[in-house]
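Below is one structure, written out as structure tokens, with a few remarks after it.
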Amino acid sequence: MSGINACCDLMVEIFERLPPKSIIRFRSISKYWHSRLATPEFIRNYRLRCSKNPPKLLIRSRCVISGGKYDYKDIYALHPGDQFDQLPLHIPGNRYLSIPKVEFPCSLLTILSRNQVSIVGSCNGILCLRVDDDDDISLWNLSIRRRVRVPSPHFISPLKSSMAAGFGFDPITDDYKIVAIDFDEHKTFVYSLKTESWSAVPSPSSRLLYMSISKSYFFNGILHWVVVPEDPHPSRFILTFNVSSHVFGRILFPEHWIVRQLTTINGCLALVSSEDRGSWKIRVMGEYGKTESWSLLFELKRDAFHWSAAFQRITNGDLLAYYKGTNSDLLVLYEASKEVHNPQTRLLTKLFEYKPNCSKLEMDMYVESLELVDKESATTCGKTVWACYDC
């Protein structure tokens with residue numbers, strides 16, 4: 001019996017090194033492996049192992065359907081984040097077909113309506129998606145195509161522009177949580193995936209306004225939003241929320257910055273701002289929580305980039321950007337280093353050209369996982385498409 005157990009343990013170690021899709025297939029071998037490969041222990045060990053691998057780059061694009069004047073679909077693609085300097089995505093004749101894409105299925109989306117899917121956040125391979133004009137919130141693991149629908153938070157109207165949402169992971173309770181803040185009503189609620197329920201928590205101590213131009217960002221167990229206080233001379237700052245202790249805090253800016261995006265660079269909190277008309281400025285906080293530790297990393301000519309420009313630093317230090325071309329939008333790569341403040345002096349590589357029917361590009365680093373595979377309420381969700389609407 002001990003020999004059989006040792007053999008099973010060895011196979012488990014082998015399985016932990018396989019990609020998620022392979023593990024899903026191997027779960028069909030027998031009832032034993034179907035159960036063993038979905039235990040909390042295996043999922044946790046797999047998550048820890050995957051966290052040590054180079055993350056992939058997730059790119060979401062919104063594309064008008066061929067033949068449909070106003071209908072569109074959201075397309076998601078995963079790219080090896082450490083290979084952008086080796087193989088440009090835009091290869092003549094290849095038409096971006098070498099990388100499979102996944103279509104997120106939902107009710108018919110139309111440009112004329114405001115019924116659009118937005119990414120609340122991403123953590124450990126799970127995307128939290130929300131339909132803007134609906135109560136529909138979903139947790140979706142793109143790598144294994146599993147989706148859990150979250151019960152509607154009926155106590156907060158989804159139509160209110162004053163509502164902010166965030167998604168993160170609580171390492172203490174090993175639980176995923178969604179945070180919903182109603183700044184008008186001064187109420188805050190937290191959804192727990194473990195209990196599958198919402199609960200009220202204390203709200204920020206002062207009245208705030210939500211700046212929706214920058215979505216929430218999860219970093220080191222803490223959610224971050226850019227907000228502004230309700231006073232005669234408001235100054236933006238970062239509102240923080242610890243998903244373990246449910247305690248709010250704040251990070252101040254030394255000056256009046258119009259922050260468009262929060263991200264991380266070299267393991268530090270970073271931001272993209274546009275406080276003047278001439279440039280985008282990318283800053284990094286050297287010591288977390290210390291206002292004086294903000295420093296300028298990049299400065300990019302603003303009129304060259306999309307008004308809702310998306311920037312992402314990848315594993316080798318280069319900078320990806322959503323570039324506004326003459327006739328179409330481009331995804332470009334700057335070969336930059338952290339010592340260079342103006343990557344426009346560096347080499348620019350065209351990775352992919354999006355047709356005019358493609359819009360609203362978003363980027364984020366993504367780690368594949370098995371999260372949600374053990375959830376009984378999870379359903380299969382996501383269709384792989386090789387031909388893309390934006391090609």
[X] [atom1] to [Y] [atom2] distance, which is reported to the nearest 0.5 Å:
X: Leu372; Y: Leu193; atom1: CG; atom2: CG; answer: 6.5 Å
X: Leu252; Y: Arg250; atom1: CG; atom2: CZ; answer: 6.5 Å
X: Lys281; Y: Ile258; atom1: NZ; atom2: CD1; answer: 11.5 Å
X: Phe167; Y: Phe218; atom1: CZ; atom2: CZ; answer: 8.5 Å
X: Leu129; Y: Arg149; atom1: CG; atom2: CZ; answer: 11.0 Å
X: Ser192; Y: Ile178; atom1: OG; atom2: CD1; answer: 10.0 Å

Donor-acceptor pair between Ser273 and Arg283 side chains, under 3.5 angstrom: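 Looking only at side-chain atoms, Arg283 and Ser273 do form a donor-acceptor pair, the distance falling under 3.5 Å.
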
Taking atom types as modelled, find out whether Asp374 and Thr39 have a side-chain donor-acceptor pair closer than 3.5 angstrom.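 No.
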
Mind checking whether Trp257 and Trp294 have parallel, tilted or perpendicular rings, split at 30° and 60°?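 Ring orientation, 0 to 90° scale: perpendicular.
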
In terms of ring plane angle, is the pair Phe241 and His246 parallel, tilted or perpendicular, where the classes change at 30° and 60°?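 Rings of Phe241 and His246: parallel, as their planes differ by under 30°.
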
Less than 4.5 Å apart, side chain to side chain, heavy atoms only: is that true for [X] and [Y]?
X: Thr240; Y: Ile251; value: yes
X: Val148; Y: Ser138; value: no
X: Tyr288; Y: Leu269; value: yes
X: Val227; Y: Arg236; value: no
X: Phe253; Y: Thr291; value: no
X: Val272; Y: Val259; value: no
X: Leu139; Y: Glu371; value: no

Among Thr263, Leu223, Ile238, Ile222, find the one that has a side chain to side chain contact (heavy atoms under 4.5 Å, CB included) with Tyr217.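 For Tyr217, the side chain to side chain contact (heavy atoms under 4.5 Å, CB included) check succeeds only for Thr263.
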
May I ask you to say whether Asp174 pairs ionically with Arg47, meaning some side-chain N is under 4.0 Å from a carboxylate O?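 Judged by the 4.0 Å cut-off on N to carboxylate O distance, Asp174 and Arg47 do form a salt bridge.
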
In terms of side-chain geometry, is the basic nitrogen of Asp9 or Arg36 positioned less than 4.0 Å from the acidic oxygen of its partner?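 Answer for the salt bridge query: yes.
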
Please enumerate all residues that pass salt bridge (Lys or Arg N to Asp or Glu O under 4.0 Å) together with Arg49, with sequence neighbours excluded.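 Salt bridge (Lys or Arg N to Asp or Glu O under 4.0 Å) list for Arg49, sorted by chain: Glu16.
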
Tell me, please, which residues at least two apart from Glu13 pass salt bridge (Lys or Arg N to Asp or Glu O under 4.0 Å).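 Salt bridge (Lys or Arg N to Asp or Glu O under 4.0 Å) check on Glu13 returns nothing, list empty.
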
Using a cut-off of 6.0 Å, state whether more than 12 heavy atoms not belonging to Glu41 lie near its atom CD.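 No.
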
Return each pair, listed once, that meets ring pair (Phe, Tyr, Trp, His ring centres under 6.0 Å) where at least one residue sits in residues 33-63; pairs must be two or more places apart or across chains.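 Residue pairs passing ring pair (Phe, Tyr, Trp, His ring centres under 6.0 Å), neighbours aside: Phe15-Trp33.
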
Please test Asp170 against Lys177 for salt bridge (Lys or Arg N to Asp or Glu O under 4.0 Å), starting from the C-alpha separation and ending with a verdict. CA-CA 7 Å; Asp170 181 351; Lys177 297 179 179 179; 2.9 Å; yes

